[in-house]
Student: 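Have a look at this one.
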Amino acid sequence: MDSSEPLPSGEPDDRPAVPAQRSDQDAYLRVDDLRVRFDTSDGVVRAVDGVSFSVDRGRTLGIVGESGSGKSVTSLAILGLHDPKRTTITGEISVGGRQVVGLADEEVRRLRGRDMAMIFQDPLSALHPYYTVGRQIAEAYRVHHPKANRREARQRAVDMLDRVGIPQPARRFDQYPHEFSGGMRQRAMIAMSLVNDPALLIADEPTTALDVTVQAQILDLLADLQAEFHSAIILITHDLGVVGQVADDVLVMYGGRAVERGSVEQVLRSPQHPYTWGLLSSVPSLHGDADADLVPIPGNPPSLINLPQGCAFHPRCRYADRAGSRSRTDVPELRPAGAAGHLVACHLGEEERATFYAEDVASVGVAR
Amino acid sequence: MTDEPLLRVRGLTKHFPVRQGLRATGLVRAVDGLDFDVRPGETLGLVGESGCGKTTTGRMLVRLLEPTSGSIEFAGRDITHAGRRELRPLRQELQIIFQDPYASLNPRHTVGRIVAMPLQVNGIKPPGGIKARVQELLELVGLNPEHYNRYPHEFSGGQRQRIGIARALALRPKLIVADEPVSALDVSIQAQVVNLLRDLQRELGLAFVFIAHDLAVIRHFCQRVAVMYLGRIVEIGDREDIYERPQHPYTRALLSAIPDVTQLGPAGRIRLTGDVPTPLDPPSGCRFRTRCWKAQDICATEEPALVPRDGGRQATACHFPEVAAPIDEEVSS
Amino acid sequence: MSLSPVEGVALAEIESDPDASTTAARGVVGRSPGQLAWLRLRGDRTAVVSGVLLVFFMVLGLAAPLIEMLYGVGPREQFQNLLDGNGMPLGYAGGVTGDHWFGLEPGLGRDIFVRLIYGLRTSLFIALAAALITATIGVTLGTLAGYLGGWLDAVVNWITDLTLAMPFLIIALALTPAITLRFYGERGQVSSAFGVGVLIAVFAIFGWTSTARLVRGQVIALREREFVEAAKASGAGLGHMLFRQLLPNIWAPILVSFSLAVPQFITSEAALSFIGVGLSDETPSFGRMIYDSLDYLQTDPAYVFFPGVMIFALVFAFNLFGDALRDALDPKSSR
């Protein structure tokens, strides 16, 4: 993949202009039964326990979860960033048809940056404080384009800074990270991730550290860039509002497992899992009755070291008793529910869920 | 609810000198002339983006920071520059809840000692003893009173925040300044704490100054809302006014920037360009003019006053306020 | 340093992990950070071994008169009859026998074992006393300077810099004889208590700076923490702020710096005695013994060996224990 051509013309290589409807098998990123374990003296931590999903180019998958849900561990596994000495990864991760799990470090490094890139929550810690922003972007370019000379790399970096909406990119090229404001830093970080035109972009809480008005700018920027470069995006966040705004598909994670998966309309408009219901009804909204109490999820997120037996959510689930003792003994499988492509891991029957949802959740007027 | 304000703030200002070596090279105008009142039992939300001065304001209200100028009156007494001894009786009525549940509890103290601290430093011996009072407080905030002897590291973030709330309640205050009390918590825990604060507010008739960057949380908690931008209040009014009939362009932009679960896909939102300017050198005239789509020449020369429209309780500091259009038309179009 | 660092770290990670805290709370009732550090310390083999060794040394030092009684030989008793004509001890390895376990000093014929026990007593006393005084001065100045700031901080900093700029060895060399001269004149018999006191004073004057700096830095970091602000917002006074809120959070680094200062003072005392400005020959001490033994390095190596090994073991044990203590109190720093 040689892209000596400058932006924004992009590369007219083998990428299709319009995404062909392909099955999961051909999706650009395919994660199948991913398990990530850390061995500690206290026992095995199953940070990710059998998660499957796929993202095609031009699509955005939102991964939603609280702290300890395994959402960030999943993304690090895709990028091959886990320390192999402490971590056991099984399952399949295929990026552009290439298997990442078990690949040699050298090979993964080549994939990283060129075919897949990451945007971090805190750009200040991801950018090196002693080098100019432009130099870091140019370096990132030259790593994967050894033939490019210094001037070409600089031109490419300036183009990228311009593309992500940084004013006076040529002057900004020579500034240090601390001279950038928070929003500008995140833009520079995005420019750096995109400099090699990766087909897969993983954004881990990219806007959590930013103000709402700046967050809106960055989300717009990501959407624009995706339309232009036709990349596959994984957006990891705890904010369902952000997911609703930019994602095509949603994966809800809890205790290292996927509890619900589907299109954004399916998951946010007709959620199937009690945990998703809880998330939706506990988030304060700008609409609806402001005086009504929020409906929180009782208890605390579980510890991955000591995950509850059976369904990990059962200690906090209002309906656990309705599912009988199974909820305490069996881990529910991800099964189709509702419309096509909608999956949920819950012991409750479909009709039961529909009743509970209608009575307890929809009536509160949260998700419409 | 009486009309006599519990807290009256006038012209409140905090400037931080910027030093390089021994020379002062500039002033950070963190808070620059705030006027507002809080009546007994009322909840006022202070909302704004980073650098707007909301946290500095909260610290000044409980006198953790010394105001540069202006005045703070609490229960009819001027406490702007009161010393520790003079403040003592008032401290009991004016408490603060912090943002970070991990930094706000002394890791070397048991929960019992943490919650009892305000009683002990003020030499208060409640009837039935300190331990009974502390356990009563723990129960009030939804914690197991048996956990009296445990240490903060044994609790989760949400539980720690409850401990911080119990500590603030120990002296039976009349006003609590809550500085981003839920923003460090997991989503599913935030609602628990917001509900708890709301219940306490109603049961105990507490007045609150609730500081947050999240307009949606403020909406669920506050009767009145003040929107801050770069050290000033740009709009203040009752909840319905601010959320349904916002008049300041910044309020509108802020409201439309919040991703809402009920709105799927990119909505027709107002986009502000750029970041908040530095409070070291705020723009002349109206501070919002550099990001405002309505800015005219007058905005650069003349600072708009925070004036009420139509004699109502909603005041807006803008030369060209939106008067007619309710927010929904713009946001959901 | 420690033999099983992994366990300590992993345990600490789990304990400080907010997610795990509910689990911890269920299983363990009311364990304070201090108790957790104690558990980690107990689980660390290096800490246990060095700690036991230190306790053993201290008991030896404390019980010196008792040992003398049981052993039946005093530190100043001379056994000239066991020396040959050149003043060298008879027998093998410097005269090691059932009566004189470590042999005899050449020349005066004093028993090395009992002198070592008394030397240990002197060294430990001087080092512990000096460390205690420097810690007190350092903590007081550091806390006040850090918490109150302003002119007090500036003054304390200035004094610290001044003290650090003074060359310790030269001043010690110049000051010790001068003070002795001032009090005892040319010929006066210097009492051993006086010599010990002068050494402690010299250490105290120079030793407090590092503790003061450490504590000041810690206090400044803590000062901005919200729990300190919470106490302030409740109207707490200076005493409460210092003793209830701040000090409990910094005694860990203080303890570590204390435990690492002690071996430093032991070696310094030996060094000063070695160059002749420390203790007189009357008072048994490690430095003095090594100084005296050097003349016999070739003829009677056992005389050098026993004090050398003793001081090495003592300092090594202290350093190991200090490091283990640091790991136990602050598990994150060991990575």
Side-chain angles (χ1 to χ4, degrees), chain B residues 59 61-65 84-92 94-114 117-123 144 146-160 164 167-168 170-171 173 177 179 184-186, chain C residues 11-37 39 151 154 218 221-255 329-332:
Chain B
R59 293 281 199 277
L61 293 182
V62 295
R63 288 295 316 283
L64 286 171
L65 282 174
R84 194 169 70 84
R85 257 168 245 286
E86 292 167 78
L87 276 174
R88 213 160 217 199
L90 292 170
R91 288 274 191 219
Q92 305 181 17
L94 182 60
Q95 282 289 312
I96 182 165
I97 298 170
F98 294 94
Q99 169 178 6
D100 184 351
Y102 293 92
S104 63
L105 307 179
N106 192 331
R108 302 274 167 194
H109 288 181
T110 60
V111 169
R113 234 178 124 185
I114 288 168
M117 179 273 289
L119 298 170
Q120 273 159 353
V121 300
N122 288 290
N144 184 349
E146 301 295 309
H147 291 175
Y148 185 88
N149 275 325
R150 295 202 176 167
Y151 286 85
H153 67 90
E154 298 172 89
F155 293 89
S156 68
Q159 291 171 319
R160 283 160 161 254
R167 174 176 62 194
L171 296 172
V177 174
D179 184 8
L185 305 175
D186 261 322
Chain C
L11 183 67
E13 255 178 6
I14 289 155
E15 299 291 358
S16 61
D17 182 1
D19 294 331
S21 50
T22 38
T23 351
R26 220 176 295 132
V28 186
V29 178
R31 266 190 192 154
S32 73
Q35 285 169 310
L36 288 175
L39 281 180
W151 64 267
Q218 297 273 335
L222 282 174
R223 200 174 60 181
E224 307 297 326
R225 292 278 289 275
E226 287 176 343
F227 69 80
V228 175
E229 295 202 307
K232 225 187 282 179
S234 294
L238 183 65
H240 178 93
M241 298 309 289
L242 295 185
F243 293 107
R244 302 256 175 261
Q245 302 291 342
L246 294 175
L247 279 180
N249 282 288
I250 53 172
W251 68 259
I254 294 173
L255 211 62
L329 290 171
D330 183 12
K332 285 185 189 93

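Both backbone and side-chain heavy atoms feed into the values below; hydrogens, waters and symmetry mates do not. Throughout, a chain's letter reflects where its sequence line sits, starting with A, and its residues are numbered from 1. Predicted model only: the values in this text are computed from it and were never measured.
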Student: Among B:Asn122, B:Ile96, B:Asp100, single out the residue with the greatest number of heavy-atom pairs under 4.5 Å to chain C.
Tutor: B:Asp100

Student: With respect to chain C, which residue among B:Leu119, B:Leu87, B:Leu94, B:Leu64 yields the maximal number of heavy-atom pairs within a distance under 4.5 Å?
Tutor: B:Leu64

Student: Using side-chain hydrogen bond (donor to acceptor under 3.5 Å, both in side chains) as the criterion, point out the one residue from C:His240, C:Lys232, C:Arg223 that pairs with C:Gln245.
Tutor: C:His240

Student: Please report the closest heavy-atom contact between B:Arg160 and B:Phe155, naming both atoms and the distance.
Tutor: NE-O, 3.5 Å

Student: Less than 4.5 Å to any heavy atom of chain C: does that hold for the side chain of B:Arg59, its backbone, both, or neither?
Tutor: side chain

Student: So how far is it from C:Leu36 CG to B:Tyr151 OH, rounded to the nearest 0.5 Å?
Tutor: 9.5 Å

Student: I'd like to verify something: which residue of C:Gly239, C:Ala236, C:Gly237 has the highest number of heavy-atom pairs under 4.5 Å with chain B?
Tutor: C:Ala236

Student: I need the residue from B:Pro101, B:Pro107, B:Gly164 with the largest number of non-hydrogen atom pairs under 4.5 Å to chain C.
Tutor: B:Pro107

Student: Ignoring hydrogens and angles, tell me if any N or O in the side chain of B:Arg167 forms a donor-acceptor pair with the backbone of B:Met117 under 3.5 Å.
Tutor: no

Student: Examine whether an atom of B:Arg88 lies under 4.5 Å from a heavy atom of chain C, and if so say whether it belongs to the side chain, the backbone or both; otherwise answer neither.
Tutor: side chain

Student: Please name all residues satisfying ring pair (Phe, Tyr, Trp, His ring centres under 6.0 Å) with B:His109, sequence neighbours left out, ordered by chain then number.
Tutor: none

